[in-house]
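The block underneath contains the structure these notes are about, expressed in structure tokens.
Naming convention: chains lettered A, B, ... in sequence-line order (proteins, then strands); numbering from 1 in each chain.
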Amino acid sequence: MIGKLRVVNSLSREKEVFEPLNAPHVGMYVCGPTVYSDVHLGNVRTFMSFDVIYRYLQFLGYKVRYVRNITDVGHLLDDTGEDKISRKAKLENLEPMEIVQKYTNDFHRVMETFNILPPDIEPTATGHLMEQLDMIQELVDNGFAYESNGSVYFDISKFNEKYDYGKLSGRKTEDLLNQTRELDGGSDKRSPLDFALWKKAAPEHIMRWNTKWSDGFPGWHLECSVMSTKYLGEEFDIHGGGMDLKFPHHECEIAQNAGSTGKEGAKYWMHTNMLTVNGTKMSKSLGNSFLPHELISGDHELLEHGYSPMTIRFFMLQSHYASTLDFSNEALDAAQKGYMKLANGLRLIKNYEYPEGLAEEINTKQAEQINKICDNCYHAMNDDFNTALTIGHLFNLVKKVNSIQTGQLKFEEIGKETFERMKSTFIAFCEEILGLKLETNLSSQNLLEVILEEYKVAKEAKNYDKVDELRAKLKAEGVIVKDMKTGIDWAFEE
RNA sequence: GGUCCUGUGGCCGAGUGGCUAGGCAAAGGUCUGCAAAACCUUGUACAGCGGUUCGAAUCCGCUCGGGACCUCCA
């Protein structure tokens with residue numbers, strides 16, 4: 001390993017050296033989707049960011065247990081106390097579990113489309129009701145929660161006697177109180193800051209469980225505390241999620257963990273930033289959100305045409321996960337060309353082998369440059385998973401690879417050792433770490449070979465009409481013919 | 001209103017004190033039947049003003065612009 005991995009910890013707001021609690025094991029929990037409708041692109045960015053983090057940690061040799069939940073109940077919509085799943089179920093006249101299954105399946109398909117690896121454990125809230133009830137009881141026993149009219153609430157003021165509610169998002173309880181609108185008379189809460197652990201269900205509420213507290217359902221924040229603790233322990237390494245979950249969701253999680261176990265859960269908190277469209281956060285209510293399939297097909301009023309999943313992945317990884325990323329046709333088009341350039345480089349180097357028995361005539365400058373670039377890839381990823389910088393370095397390797405193809409750089413100048421390092425580094429960073437894979441839309445690889453052979457023959461015979469015709473034919477397939485001193489090859493059209 | 005983030009060349013986007021980020025676009029060159037691709041070269045970039053420093057895009061202050069969270073949201 002080159003250098004140490006450093007991550008920006010939302011808790012300290014500083015870049016810290018990453019030191020797992022129980023190396024080589026790493027526990028990572030990421031807040032997953034609420035499966036009540038299609039995932040939108042913003043969700044994809046978050047899960048893609050943590051996918052790269054997961055991949056890189058594994059690449060570094062850590063044994064990672066990655067837990068990403070599915071929220072299938074209890075996500076309060078508003079003051080009505082109705083949750084997202086049951087509202088949708090009523091709307092579509094389906095069983096809540098049908099909604100859950102439908103959108104869970106859809107979610108998995110989308111994740112696969114973008115080459116996002118599945119987590120090691122994907123627990124559901126409904127599958128952990130007993131554990132949630134246990135944690136509620138613990139919180140009540142410890143004096144951090146109270147029952148009120150069949151519901152159970154977390155008691156922020158009690159919590160603050162011993163802990164500090166708001167430390168993650170930098171909020172002060174007094175400020176929060178000043179800003180919070182007054183409770184309507186009907187509330188069972190002692191303070192507007194208190195949040196629900198268990199909600200008594202209204203008669204029309206369809207997802208409900210009969211417990212000693214009431215016939216009701218769990219609060220949203222609880223499941224994450226319960227499931228992270230169950231699968232990763234009272235203290236674990238990384239907890240992630242989108243920025244917008246920082247408050248109140250993650251703040252509540254910390255409170256629940258501390259209140260029940262005495263430990264605050266995660267050592268490192270990591271937050272991904274938002275996707276924006278024309279500078280404004282992508283969200284459904286603003287009508288500026290894209291569904292993954294719309295971006296791929298181009299079937300959206302804001303889009304001129306579609307983009308392949310790997311182009312989108314590349315586009316997203318070209319910015320740092322903690323920065324906002326703005327969507328535009330121009331930016332996407334530029335990313336498409338850039339991605340094809342990278343993909344062509346990847347395809348080339350995968351096919352290259354250092355020639356057997358070739359005498360080395362090392363060009364020290366070239367070899368040093370290449371080794372430096374390889375080092376830089378590690379440095380970039382070690383620096384808080386800087387995929388944007390990593391991609392920049394990979395493009396520098398692409399130049400070397402292309403130079404080999406055109407014969408401007410020779411194998412013997414690089415030497416076997418450096419060549420092998422370049423090859424393995426390039427492939428590992430593209431495929432294993434960034435999760436970019438080649439997308440071949442060629443109808444037939446063999447056909448391509450045949451046409452290229454035909455092209456070669458025509459070229460040698462100086463039959464230029466035929467040459468131009470074949471060129472056009474291949475271009476229609478998205479393939480560009482490359483005439484070089486060293487021979488004829490092809491590349492994906494950029 | 002409170003808390004916080006942010007403003008980089010035509011566009012996107014890295015970069016927290018001195019070391020060419022990178023991609024797209026543009027210009028010139030090499031190569032070529034012509035092209036394309038590739039490679040090489042080129043761009044008075046760091047919102048404005050002031051300060052700290054031998055030296056600042058990078059630190060500090062002010063001004064102006066953009067955004068997020070404070071209610072469900074990745």
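Rounded to a whole angstrom, the distance from the C1' atom of B:C46 to that of B:C12 is 15 Å. Distance noted for atom C1' between B:C72 and B:G66: 25 Å (whole Å). When the C1' atom is compared between B:C11 and B:A45, the two are found 13 Å apart, to the nearest whole Å. Across the C1' atoms, B:U20 and B:G9 are found 15 Å apart, a figure rounded to whole Å. Only the C1' atoms considered, B:C49 is 15 Å distant from B:G65, to the nearest whole Å. Between B:G67 and B:A25, the two P atoms lie 30 Å apart (nearest whole Å). Taking the C1' atom of each, B:U42 and B:G51 are spaced 36 Å apart, rounded to whole Å.
Nearest nucleotide to the A:A334 side chain, out of B:C24, B:C69, B:C34: B:C24. Considering only side-chain atoms of A:V467, the nucleotide from B:A36, B:C69, B:G33 that sits closest is B:G33. Closest to the side chain of A:D468, from the set B:G13, B:G33, B:G22, is B:G33. Taking the side chain of A:S319 as heavy atoms from C-beta on, and the options B:A14, B:C31, B:C39, the nearest nucleotide is B:A14. Of the candidates B:C12, B:C69, B:C31, B:C31 carries the atom nearest the A:K485 side chain, counting heavy atoms from C-beta on. Of the listed nucleotides (B:U16, B:C39, B:A74), B:C39 has the atom at the smallest distance from the side chain of A:Q408. The side chain of A:I480 approaches B:A36 more closely than any other nucleotide in the set B:A74, B:C11, B:A36.
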List, one per line, each side-chain donor-acceptor pair under 3.5 Å for residues 456-465 of chain A, sequence neighbours excluded.
residue, atom, partner, partner atom, Å
A:K459, NZ, A:D483, OD2, 3.2
A:N463, OD1, A:K466, N, 3.4

Ignoring hydrogens and angles, write down the donor-acceptor pairs under 3.5 Å from the side chains of residues 315-323 of chain A, residues two or more places apart or on other chains.
residue, atom, partner, partner atom, Å
A:S319, OG, A:R45, NH1, 3.2
A:S319, OG, A:M316, O, 3.3
A:H320, NE2, A:D384, OD2, 3.2
A:Y321, OH, A:D384, OD1, 2.8
A:Y321, OH, A:D384, OD2, 3.1

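For A:D326 against B:G13, no side-chain N or O and base N or O form a donor-acceptor pair under 3.5 Å. With hydrogens and angles ignored, a donor-acceptor pair under 3.5 angstrom links the side chain of A:R471 to the base of B:C34. In the interface, the side chain of A:D483 is not paired with the base of B:A37 through any donor and acceptor atom under 3.5 Å apart.
OP1 or OP2 of B:G15 lies within a sub-4.0 Å distance of a side-chain N or O belonging to A:N386. A:K399 has no side-chain polar atom (N or O) that falls below the 4.0 Å cut-off from OP1 or OP2 of B:G22. Applying the 4.0 Å criterion to OP1 and OP2 of B:A14, one finds that A:S323 has a side-chain N or O inside that range. Residue A:K337 has a polar side-chain atom (N or O) positioned under 4.0 Å from OP1 or OP2 of B:A25. Close to B:U3, at under 4.0 Å from its OP1 or OP2, lies no side-chain N or O of A:K246. Put simply, A:N402 has no side-chain N or O that comes within less than 4.0 Å of OP1 or OP2 on B:A38.
Rounded to an integer number of Å, the gap from CG of A:N329 to P of B:C24 is 18 Å. Rounded to whole angstrom, the span from the CG atom of A:D383 across to the C1' atom of B:A14 amounts to 10 Å. The distance between atom CE of A:M243 and atom C1' of B:U3, rounded to the nearest whole Å, is 13 Å. For the pair A:K365 NZ and B:U20 C1', the interatomic distance rounds to 12 Å; values are reported in whole Å. A:R13 has its CZ atom 8 Å from the P atom of B:C5, to the nearest Å. A:D175 has its CG atom 13 Å from the C1' atom of B:C4, to the nearest Å. Between A:L342 atom CG and B:C12 atom P the separation is 22 Å, expressed in whole Å. At whole-Å resolution of the value, CG in A:N376 and P in B:A14 are 18 Å apart.
Residue-to-nucleotide proximity on RNA chain B shows that, of A:G32 and A:K482, the 5′-proximal contact is made by A:K482. For the pair A:K462 and A:D333, both in contact range of RNA chain B, the more 5′-proximal nearest nucleotide belongs to A:D333.
Both tests do not hold together for A:R87 against A:Y36: distance to the six-membered ring centre under 6.0 Å, angle to the ring axis within 45°. Remark: A:R171 is positioned above the aromatic ring of A:F247, its terminal NZ or CZ atom under 6.0 angstrom from the ring centre and at most 45 degrees off the axis.
For the atom pair A:L409 CG and A:N402 CG, the distance stands at 11.0 Å (nearest 0.5 Å).
With hydrogens and angles left out, the side-chain atoms of A:N273 and A:T324 include no donor and acceptor closer than 3.5 Å. Between the side chains of A:R190 and A:Y153, no donor-acceptor pair is found at a separation under 3.5 Å.
Using a 4.0 Å heavy-atom distance criterion, A:V481 is classed as a base contact.
Ring to ring, A:H250 and A:H271 are close: their centroids are under 6.0 angstrom apart.
In this structure, A:R313 pairs ionically with A:D51, as a charged nitrogen and a carboxylate oxygen lie closer than 4.0 Å. Note on A:K350 versus A:E431: salt bridge recorded, some NZ/NE/NH1/NH2 to OD/OE distance being below 4.0 Å.
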For RNA chain B, the dot-bracket notation using Watson-Crick and G-U wobble pairs below 3.5 Å, [ ] for pseudoknot-type crossings and | for other-strand pairs, is ((((((((.[[[..)..(...]]].(((((.......)))))....[[[[[..)....]]]]])))))))....

